[in-house]
K.L.:
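What follows is a structure written as structure tokens; I'll ask about it next.
Fair warning: this is a prediction, and the values are worked out from it, not measured in the lab. Both counts, for ligands and for their atoms, begin at 1 and track the order of listing.
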Amino acid sequence: MEALADRDYFTDHSILRDPYAFFEALRARSPVYRNPETGVVIITGFEEALEVLKDTENWSSLISTTGAGKALPFEPEGSDINAQIEANRGNFQGGDLVVTFDDTPHAFSRSLLSRLFTPSKLKANEAFIARYSDEIVRKSVAEGKCELVKQIATPFVTLVIADLLGVPEDDRQRFMDVIEAAPPPGNLDAADYPMEMHPLYVMGLSFAGYVADRRANPRDDVLTELALATYPDGTQPDLAEIVRLSTFLFGAGQDTSAKLLGNAMRFIIEEPGLQDKLRADPSLLPGFIEEVLRLEGSSKITSRIARKDTTIAGEPMPAGTRVLIGLSAANRDPRRWDDPQALVINRPRIKEHLGFGRGAHVCIGAPLARVEVRVILEKFLEATSHIDLDDAFHGPAGARELEYEPSFIIRGLTEMHLTLTPASGFETAGKDAASVLA
Ligand code: HEM
């Protein structure tokens with residue numbers, strides 16, 4: 001029988017649904033393992049992952065969304081392939097997105113985004129998050145049950161980004177509908193999904209309208225700020241770049257955060273005593289969320305390609321080498337983490353996990369993701385005395401069935417049906433008057 005470590009990460013459904021044993025088997029061979037057939041290198045070691053993530057001189061992000069499993073559309077030649085990478089950028093899906101850019105184009109794009117993630121904008125956004133999650137949680141608790149991943153988390157995180165970007169309220173429902181209908185990123189079925197229904201395409205059309213309108217008729221809103229923003233050298237980005245950036249935020253911050261909420265909830269339900277502990281002391285939530293990001297982070301991997309002949313942990317890596325960086329494997333590397341498989345709240349130096357990546361491309365939405373997951377969990381815990389999985393959908397305790405997305409990037413449940421027992425004194429109506437639900 002074929003050894004687990006010899007199976008293909010990118011196409012094997014059982015590994016896509018549960019990568020951990022596969023990553024452990026690879027790390028037992030080597031924390032930097034080269035598949036002899038494909039030539040793809042898989043990193044499962046923490047230090048080795050960090051080495052590549054921090055080294056933008058030798059590693060390009062061009063393949064961060066398509067993944068290291070996909071063959072290059074060119075034959076790497078020589079010890080420095082930078083010119084080939086740039087000449088072929090247009091042949092890579094997502095090659096025009098900030099997460100795949102290198103060097104100055106990356107720094108320029110990122111500088112535009114950093115205008116959105118300022119403390120004052122995040123603070124205003126947090127007020128929206130609190131209002132919306134209060135409303136949605138009260139509604140679910142009043143019903144005694146909910147489906148968390150698709151019906152609560154996905155529209156929740158979408159609306160939060162829409163609010164941050166200043167998307168007009170009338171358009172928000174339409175955005176949620178296209179996202180809900182589409183397969184998640186990295187899903188094997190995603191390639192066949194019609195372009196005109198693709199969320200980034202549909203939302204891109206709307207954003208093109210907003211940005212053109214704000215450039216012609218500036219007003220006092222976030223979209224205007226984005227539309228008029230300039231690069232660090234004072235030049236103005238073209239309209240298409242602003243549109244791509246804005247729409248990319250929905251893609252990048254949508255499934256990742258929604259799935260993290262589901263992954264966190266699974267621990268809350270299954271770890272004995274955990275929900276009562278968090279209810280009694282909500283100040284433990286931020287440390288808990290960091291530990292979930294380490295142990296069940298919703299971005300499993302990213303990928304890089306060697307721009308020049310280089311090394312990882314002293315091993316030679318010729319220019320053109322494709323590397324899969326197992327973020328979730330690095331986060332369980334026993335050389336870095338004591339008792340790595342255990343959930344330990346407030347682990348020492350927990351924020352060094354790689355759940356948000358590291359280095360130049362480290363997740364710019366991390367502060368937002370942390371807030372949205374914390375606030376909605378706070379609301380769920382406060383409004384309930386007990387949260388459990390719904391037997392009608394997931395089977396009885398001891399024989400639960402939960403399904404994970406067959407995605408090579410995302411780690412998260414397809415759906416999660418909960419039963420919610422109200423806390424004593426629970427009231428259906430919140431204190432905030434204005435409804436944010438459609
Ligand atoms: C739990 C939630 C999230 C997780 C696990 C996550 C994970 C990641 C990771 C691992 C990267 C680095 C990719 C690489 O190095 O190749 C990244 C980049 C990025 N993330 Fe997140 N993310 C989350 C939420 C968000 C949110 C809410 C937003 C925005 C609203 C966002 C926007 C971005 C952007 C724009 C980048 C690219 C940054 C760059 O290339 O400089 N993410 N994210």
K.L.:
If the contact criterion is a heavy-atom separation under 4.0 Å, does Ser61 count as touching ligand 1?
P.N.:
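Contact check Ser61 vs ligand 1: negative.
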K.L.:
Is the Phe207 to Tyr210 ring centre distance short of 6.0 Å?
P.N.:
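Between Phe207 and Tyr210, the centre distance is under 6.0 Å.
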K.L.:
Hey, does Ser298 come in under 3.5 Å of ligand 1, counting only N/O atoms on both sides?
P.N.:
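No, no N or O pair falls under 3.5 Å.
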K.L.:
Within the 4.0 Å heavy-atom shell around Phe117, which atoms of ligand 1 are there?
P.N.:
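Within the 4.0 Å cut-off of Phe117, ligand 1 contributes 29 (C), 30 (C).
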K.L.:
Considering only heavy atoms, does Leu113 approach ligand 1 within less than 4.0 Å through its side chain, its backbone, both, or neither?
P.N.:
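Near ligand 1, Leu113 shows its side chain, while the N, CA, C and O stay back.
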K.L.:
Whether the side chain of Arg347 engages the backbone of Asp338 through a donor-acceptor N/O pair (distance < 3.5 Å, no angle test) should be reported.
P.N.:
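Yes.
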K.L.:
Salt bridge (charged side-chain N to carboxylate O under 4.0 Å, His left out) for Arg335 and Glu47? Distances and angles first, verdict last.
P.N.:
CA-CA 9 Å; Arg335 296 173 306 161; Glu47 285 304 328; over 6 Å; no
K.L.:
Within 45° of the ring axis of Tyr404 and under 6.0 Å from its six-membered ring centre, is that where the NZ or CZ of Arg411 lies?
P.N.:
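Here Arg411 passes the 6.0 Å and 45° test against Tyr404.
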K.L.:
Need the ligand 1 atom indices (1-based, order shown) with element for anything under 4.0 Å from a heavy-atom of Val99.
P.N.:
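Ligand 1 atoms under the 4.0 Å threshold to Val99: 37 (C), 40 (O).
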K.L.:
Return yes when atom CD of Gln93 has more than 12 non-hydrogen atoms of other residues, nucleotides or ligands closer than 6.0 Å, and no otherwise.
P.N.:
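Atom CD in Gln93 is not packed in, count stays at 12 or less.
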K.L.:
Answer yes or no on whether Arg7 is positioned over the face of Phe22, meaning its NZ or CZ is under 6.0 Å from the six-membered ring centre and within 45° of the axis.
P.N.:
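No, Arg7 does not sit over the ring of Phe22.
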K.L.:
Trp337 ring centre to Arg294 NZ or CZ under 6.0 Å, with the angle to the axis within 45°?
P.N.:
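Yes, Arg294 sits over the ring of Trp337.
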K.L.:
Please state whether Phe248 comes within less than 4.0 angstrom of ligand 1, counting heavy atoms only.
P.N.:
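Yes, Phe248 has a heavy atom closer than 4.0 Å to ligand 1.
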K.L.:
List every atom of ligand 1 that sits less than 4.0 Å from any heavy atom of Gly355, numbering the atoms from 1 in the order shown and giving each element.
P.N.:
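Listed by number with element: 5 (C), 7 (C), 10 (C).
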K.L.:
Could an N or O of ligand 1 be found under 3.5 Å from any N or O of Arg304, whether backbone or side chain?
P.N.:
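Min N/O separation from ligand 1 is below 3.5 Å for Arg304.
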K.L.:
Going by the order shown, which atoms of ligand 1 are within less than 4.0 Å of some heavy atom of Arg110?
P.N.:
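This gives 38 (C), 39 (C), 41 (O) as the contact atoms.
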K.L.:
Within a distance under 4.0 Å of any heavy atom of Leu260, pick out the atoms of ligand 1 and give their elements.
P.N.:
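By the 4.0 Å cutoff, the relevant atoms are 1 (C).
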K.L.:
With a cut-off of 6.0 Å (strictly less than), are more than 12 heavy atoms of other residues, nucleotides or ligands near CZ of Phe74?
P.N.:
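Above 12, so yes.
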K.L.:
Show me which atoms of ligand 1 lie under 4.0 Å from any heavy atom of Ala360.
P.N.:
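Counting from 1, the qualifying ligand atoms are 41 (O).
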K.L.:
With heavy atoms of His106 as the reference, note each atom of ligand 1 found under 4.0 Å away.
P.N.:
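That gives atoms 39 (C), 40 (O), 41 (O) of ligand 1.
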K.L.:
Judging by distance only, is a nitrogen or oxygen of Ser299 under 3.5 angstrom from one on ligand 1?
P.N.:
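No.
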K.L.:
With respect to His361, determine whether any N or O atom, backbone or side chain, lies less than 3.5 Å from an N or O atom of ligand 1.
P.N.:
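So ligand 1 has an N or O lying under 3.5 Å from an N or O of His361.
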K.L.:
For Ile364, take its heavy atoms, then give the atoms of ligand 1 lying under 4.0 Å from any of them.
P.N.:
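Here the atoms of ligand 1 in question are 34 (C), 35 (C).
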